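Here is the structure we will look at, set down as structure tokens.
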Amino acid sequence: MRIGYACLTYGNITSNFKTITKKTLTVENLLKVIDHNLNALEEIIDYNIENNLDLFRITSDLIPFGSSSLNVIEWDKIFGERFHDISLKILDSGIRVSMHPGQYSVLNSPREEVLTNTIDDLKYHEKVLNLLGTDNSSKIVLHIGGVYGDKKSSIDRFIENYNKLENAIMDRVIIENDDKSYTIEDVMHISSKAGIPVVFDNLHHKVNNCGGSDLLWIDEARKTWLKEDGVQKIHYSQQDTKKSKGAHSFTIDLGEFKEYMHLNFRGSLDVMLEVKDKNLSAIKVSNFVRSSNINKLEVEWSRYKYNILEKSPKNYNSIRQLLKAKEQYPIIEFYNLIDISLSLESTIGNQINAIEHVWGYFKDIATEEEKKKYFGLIAKFKEGRNTSNGIKKFLKELAFKYERDYLMNSYYFSI
DNA sequence: TGACGTCAAGATCCG
DNA sequence: CGGATCTTGACGTCA
């Protein structure tokens, strides 16, 4: 089983993707932002390789106005070499990338103009995957679209429009059940007529339910994946219990995931997680499915420990105890304690405790000026005249200045 | 007409 | 001036 996440990283990656609005849309700005975004993509690919994350959905915002005539530059040619550099990393690592056009691309729209825009958008997505040198197992995920008061003819129109797409796009499009209009049964029906691979989404099925177990539908959907399409892919997410039906949870609850995976799926599965904490959950689930070495948890502990310390010294100690049993792999308990702790409110006292632990790395090597700044900030914080953000930012600067690897990889400064 | 879901940009406000 | 906090946005469908 391979694990991945969508579009963005949460936490410790320095550069995120930038966007452009119509008002600031100039050639100069486009060149700048595309350059930035390709660097960000490369950084994320590197990160995914380091962390053994096998699947990744590339954001549709990679190229601003990528499918619009407002973008007048030949970005595919101008940045051809950059795409090539990244493609080598993707191909070499075997990471499976994919894309997912947004809600405004609707292949079954009765409006001519919407259809034209959708086809342009699909061309854009295909171009990116092509520039990245991927084969046809790198997919473009689509929902079916609107119902327009007549599901049957809307389904027919989807199939008709799909069949008019150019081959290179048809070979990449796969279809997914959504949480409002088209159930997995509808999508399977379309697949049987048009020969399109089907992505089963568990939360959408839960919200827009047509009967049948997840196991049944995943096994049915498996049959729609041919050899050249690659391993069957599913989307997996959990309900945020505090939000509306269908809202993704902040993080993946491993116990719940474990139970789901006990369904005994028949073949290999690629699992795309849809979750707010993105890469963090992907690492968590990946450690569950592919490892039983406690070193993996120790690496995770090094990243989370100061976050836990500032939330709950009690849980901090519990986790330390848990990790002492070197021959075991208490992964569920480990992440449960992490997740529970992160959801707590931290007290001023606990925050100061964590700050002082981190300051311990620098107290002997900091310059007089740095010491002065630190004691000034901490005094102000104790009086409640600022938040811990400023102190954390300063400590992060010190971590990078003095190259303390342990801290540089910590989530303490970023989540 | 707003909700839908999402996050960066841009605007505004505050010390 | 820098940081914190808001509002807005290229695109569509549905109630």
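Just so you know, these numbers come straight off a predicted model, no measurement behind them. Note on naming: letters A, B, ... go to the chains in the order of the sequence lines (proteins, then strands), and numbering restarts at 1 for each one.
At the heavy-atom level, T19(A) lies under 4.0 Å from the strands shown only through sugar-phosphate atoms. Within 4.0 Å (heavy atoms only), G102(A) reaches no atom of the nucleic acid at all.
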Report the secondary structure of DNA chain B in dot-bracket form, marking unpaired bases with a dot and bases paired to a different strand with |, and treating Watson-Crick or G-U pairs with both distances under 3.5 Å as paired.
||||..|||||||||
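Minimum atom distance to the side chain of V106(A) is reached by dT13(C), of the listed dA11(B), dT13(C), dT6(B). Comparing atom distances between the Y104(A) side chain and each of dG12(C), dG3(C), dG10(B) picks out dG12(C) as nearest. Considering only the side chain of K278(A), dC7(B) comes nearest among dC7(B), dG3(C), dT13(C). Checking dA8(B), dG5(B), dC7(B) against the side-chain heavy atoms of N16(A) singles out dA8(B) as nearest. Candidate nucleotides dC7(B), dC14(C), dA10(C) were compared by shortest atom distance to the side chain of D61(A), and dA10(C) ranks first. Counting only heavy atoms from C-beta on, T387(A) has its side chain closest to dA4(C) among dG10(B), dA4(C), dG5(B). With dG10(B), dG12(C), dG5(B) as the choices, the nucleotide that has an atom nearest any side-chain atom of T21(A) turns out to be dG10(B). For N389(A), counting side-chain heavy atoms from C-beta on, the closest listed nucleotide (dA4(C), dA10(C), dC4(B)) is dA4(C). Here dC7(B) is the nucleotide among dC14(C), dC7(B), dG12(C) with the atom lying nearest to any side-chain atom of L8(A).
Both cation-pi conditions hold for K127(A) and W75(A): the charged atom is under 6.0 angstrom from the six-membered ring centre and inside a 45 degree cone around its axis. In this structure, K396(A) fails the cation-pi test against Y412(A), since its NZ or CZ atom is not both closer than 6.0 Å to the six-membered ring centre and inside 45 degrees of the ring normal.
Here Y5(A) and F56(A) bring their ring centres to under 6.0 angstrom of each other. No close placement of the F200(A) and H235(A) rings is indicated, their centers lying 6.0 Å or farther apart.
Between H143(A) and dG12(C) there is no side-chain polar atom (N or O) within less than 4.0 angstrom of OP1 or OP2. Dashed line: the shortest gap from a side-chain N or O of T24(A) to OP1 or OP2 of dG10(B) is under 4.0 Å.
Within a 6.0 Å radius of NZ in K392(A), more than 12 heavy atoms belonging to other residues, nucleotides or ligands are found.
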